[in-house]
Amino acid sequence: MNQATKPRYDALSRAFHWLTAIAVTVAFILGPGGFGRMMHQGVDPATHSDIVWHESLGLLVFSLTVLRLVWVAFRPAAPRFAMAGWMHIASKLAHGALWALLLALPMTALLALASEGHPLTLLGGLRLDQMPLIANSALAPLADWGDVHGLLGDAIMWIAGAHAAAAIFHHVVLKDRVLAAMLPQVERR
Ligand code: HEM
Ligand code: HEM
C-alpha cells in the first residue's frame with residue numbers, strides 16, 4: 001500500500017486534534033488555583049498572566065471544538081480499523097467524553113465567572129466585566145461552577161491520558177495504524 005492510500009485522518013482533522021491537545025494541556029498546567037481567594041482580596045485577574053493565558057487558551061479550545069464539530073459533519077469519512085468489539089465501544093465512549101468535556105469546560109468557566117461577578121480577562125487587554133445573560137440564566141445558581149469546572153479540568157486530563165495510552169498501546173503492542181492515522185504525514189522518498 002503506498003503512503004497516499006494508507007488510512008488516515010484528513011489534514012484538517014489532524015491539525016484540529018493536535019492544536020486542541022496542546023492548548024488543553026497548557027490551559028490545564030496554567031489552571032488558576034486559589035482564584036476565589038484572589039478575587040476576595042480584590043486582585044484584578046488581568047494582572048496575572050497565567051489567568052489571562054488560561055482563559056484565552058480555554059476559549060481557543062472552545063472555538064476550535066465548535067469549528068471542528070462542523071468539519072466532522074462535512075469531512076471525508078474517518079478511517080476505520082478492525083478491532084475487538086469492546087475496544088471499539090471503549091474508544092467511542094472516550095471520544096464522546098472528550099468531545100463533551102471540550103464543550104463543558106469553557107461553559108462551566110463562563111458560568112463560574114458570571115455568577116460570581118468576576119471579569120473574563122483575555123490576551124490583548126480584552127475583558128468582559130459583566131455577563132448578565134449568563135449570570136441571570138437558570139443554570140447560574142444550580143452549582144458552584146468554579147468547583148465543577150476544576151473537577152472537569154482534572155477529568156479531561158485523566159481521560160485524555162487513558163486515550164493517549166490506548167493510542168500508544170495500539171501502536172506498540174497491536175501494531176496497527178490507529179496512532180499513525182492521527183500523526184502528521186511524514187513524506188518518504
Ligand atoms: C481547555 C479548557 C480548560 C481546562 C482544561 C481548564 C482547567 C482548569 C482547572 C484544572 C482549574 C482548577 C485549578 C486549580 O484549582 O488548581 C481551572 C480553574 C479555572 N479556570 Fe479553567 N480550564 C479550561 C478553560 C477555561 C476557560 C475557557 C476559562 C474562562 C473563560 C477558564 C477559567 C477558569 C477560572 C476562572 C478558574 C478558577 C475557578 C475557581 O476556582 O472559581 N478556564 N481550570
Ligand atoms: C487533551 C488531549 C487530547 C484530546 C482532548 C483528544 C481528543 C480526541 C478526539 C475528540 C478524537 C476524535 C477525533 C476525530 O474524530 O476527529 C481523538 C482521536 C484520536 N486521538 Fe486524541 N486527544 C488528545 C490527546 C491525544 C494524544 C496525546 C494522543 C497520542 C498519544 C492521541 C491520539 C489520538 C488518536 C490515535 C486518535 C484517533 C483514534 C481513532 O480513530 O479511534 N490523542 N482525540
Side-chain angles (χ1 to χ4, degrees), residues 7-10 12-40 45 48 50-65 68-69 71-73 75-81 83 87-88 90-116 118-122 126-128 131 134 144-172 176-183:
R8 58 171 61 244
Y9 282 84
D10 62 275
L12 192 53
S13 293
R14 282 181 274 137
F16 273 134
H17 178 271
W18 292 111
L19 264 177
T20 303
I22 293 167
V24 168
T25 307
V26 179
F28 177 78
I29 292 167
L30 296 176
F35 182 81
R37 190 171 15 90
M38 256 193 265
M39 294 304 103
H40 283 120
H48 282 251
D50 55 340
I51 298 179
V52 171
W53 273 96
H54 178 80
E55 297 187 355
S56 302
L57 285 169
L59 289 189
L60 171 70
V61 167
F62 185 69
S63 317
L64 286 173
T65 303
R68 190 173 167 195
L69 282 169
W71 177 238
V72 166
R75 73 182 179 187
R80 292 177 67 88
F81 300 94
M83 63 181 84
M87 230 181 243
H88 185 68
S91 88
K92 288 279 167 227
L93 286 176
H95 290 181
L98 289 169
W99 282 117
L101 286 167
L102 290 171
L103 294 172
L105 272 161
M107 287 178 183
T108 50
L110 291 178
L111 276 161
L113 290 174
S115 57
E116 300 277 336
H118 302 317
L120 170 70
T121 48
L122 301 175
L126 293 173
R127 68 186 289 147
L128 211 53
M131 293 179 265
I134 303 176
D144 181 329
W145 291 108
D147 285 354
V148 174
H149 175 75
L151 287 173
L152 296 186
D154 291 343
I156 199 170
M157 292 317 287
W158 280 106
I159 297 172
H163 161 82
I168 292 166
F169 178 79
H170 274 277
H171 195 72
V172 175
D176 59 21
R177 286 196 45 87
V178 170
L179 177 57
M182 194 47 105
L183 291 178

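When a ligand or atom number is given, it counts from 1 through the structure's own listing order.
Using a 4.0 Å cut-off between heavy atoms, Arg68 contacts ligand 2 through its side chain alone, with no backbone atom that close. At a 4.0 Å heavy-atom cut-off, ligand 2 does not touch Phe16 at all. Residue contacts with ligand 1, taken as heavy atom pairs separated by less than 4.0 Å, involve Leu120 solely via side-chain atoms from C-beta onward. Contacts between Ala160 and ligand 2 below 4.0 angstrom, taking non-hydrogen atoms only, involve the side chain exclusively. Contacts between Phe28 and ligand 2 below 4.0 angstrom, taking non-hydrogen atoms only, are absent altogether. Contacts between Met157 and ligand 2 below 4.0 angstrom, taking non-hydrogen atoms only, are absent altogether.
For a threshold of 3.5 Å applied to N or O pairs, the pair formed by His17 and ligand 2 contains at least one separation below that value. No N or O atom of Glu55 sits closer than 3.5 Å to an N or O atom of ligand 1. Between Asp154 and ligand 1, no N or O atom pair is found at a separation short of 3.5 Å.
Distance alone, capped at 3.5 Å, places no donor-acceptor pair between the Arg8 side chain and the Arg177 backbone. Side-chain N or O atoms of Glu55 include none that pairs as donor or acceptor with a backbone N or O of Leu122 at under 3.5 Å.
Between Leu183 and Trp18, some side-chain heavy-atom pair lies under the 4.5 Å cut-off. A heavy-atom distance below 4.5 Å is found between the side chains of Leu110 and Met131. Residues Trp99 and Val72 have side chains in contact (heavy-atom distance under 4.5 Å, counting atoms from C-beta outward). Taking 4.5 Å as the limit, some side-chain heavy atom of Leu105 sits within range of a side-chain heavy atom of His149. Residues Phe28 and Asp154 meet the side-chain proximity criterion, which asks for heavy atoms closer than 4.5 Å. Counting only heavy atoms from C-beta outward, the side chains of Ile29 and His54 never approach each other to under 4.5 Å.
Interface atoms of ligand 2 facing Leu179, defined by a heavy-atom separation under 4.0 Å, are 29 (C), 35 (C). Against a heavy-atom cut-off of under 4.0 Å, Gly146 is close to the following atoms of ligand 1: 39 (C), 41 (O). Each of the following atoms of ligand 1 lies closer than 4.0 Å to a heavy atom of Gly33: 14 (C), 15 (O), 16 (O). Taking a cut-off of under 4.0 Å to the non-hydrogen atoms of Val24, the atoms of ligand 2 that pass are 1 (C). Atoms of ligand 1 found under 4.0 Å from any heavy atom of Leu113 (numbered from 1 in listed order, with element): 35 (C). Counting the atoms of ligand 1 from 1 in the order shown, those under 4.0 Å from a heavy atom of Leu59 are 27 (C). The contact set between ligand 2 and Arg75, taken as ligand atoms under 4.0 Å from a residue heavy atom, comprises 14 (C), 15 (O), 16 (O). Listed by number with element, the atoms of ligand 1 under 4.0 Å from a non-hydrogen atom of Leu110 are 30 (C).
Across every non-hydrogen atom of Pro79 and Ala181, the tightest pair is CG-CB, 4.1 Å. Counting all heavy atoms, side chain and backbone alike, Leu179 lies closest to Ala167 at CB-O, 3.8 Å. Looking at every heavy atom in both residues, Pro106 comes nearest to Leu103 through CD-O, 3.3 Å. The nearest pair of heavy atoms linking Arg14 to Met182 is CG-O, 3.5 Å. The shortest heavy-atom contact between Val61 and Ala23 is CG2-CB, 3.6 Å.
By heavy-atom distance, the residue among His149, Met38, Glu116 lying nearest atom 23 (C) of ligand 1 is His149. By heavy-atom distance, the residue among Leu102, Leu183, Ile168, Leu69 lying nearest atom 5 (C) of ligand 2 is Leu102. If you check each of His163, Met87, Met83 against atom 24 (C) of ligand 2, the one with the closest non-hydrogen atom is His163. In this comparison of Pro32, Ala109, Ala104, the heavy atom closest to atom 34 (C) of ligand 1 sits on Pro32. In this comparison of Trp99, Trp18, Trp71, the heavy atom closest to atom 26 (C) of ligand 2 sits on Trp18. Counting heavy atoms only, His54 comes closest to atom 20 (N) of ligand 1 of the residues His54, Met39, Arg37. Taking each of Gly150, Ala155, Ala23, Pro45 in turn, the one with a heavy atom nearest to atom 9 (C) of ligand 1 proves to be Gly150. Relative to atom 7 (C) of ligand 2, the option among Thr65, Val61, Leu98, Val72 with the closest non-hydrogen atom is Leu98.
The distance from the CG atom of Leu19 to the CG atom of Leu60 is 7.0 Å, given to the nearest 0.5 Å. Taken to the nearest 0.5 Å, the CZ atom of Arg68 stands 7.5 Å off from the OG atom of Ser13. Taking CG of Leu102 as the reference point, atom CZ of Phe62 lies at 10.5 Å (rounded to 0.5 Å).
Under 2.8 Å from atom 21 (Fe) of ligand 2 lies no N/O/S atom of His95, from backbone or side chain alike.
Under a 4.0 angstrom heavy-atom cut-off, Ala112 registers as lying outside contact with ligand 1.
With hydrogens left out, the protein atom closest to atom 35 (C) of ligand 2 is Val178 O, 3.4 Å, a heavy atom. The protein heavy atom nearest to atom 39 (C) of ligand 2 is Tyr9 OH, 3.3 Å. Scanning the protein for heavy atoms near atom 37 (C) of ligand 1, the closest one is Phe35 CB, 3.4 Å. Closest protein heavy atom to atom 27 (C) of ligand 2: Ala164 CB, 3.6 Å.
Taking the six-membered ring where the residue is Trp, the centroids of His118 and Phe35 are separated by under 6.0 Å.
Heavy atoms from other residues, nucleotides or ligands lying under 6.0 Å from NE2 of His171 number 12 at most.
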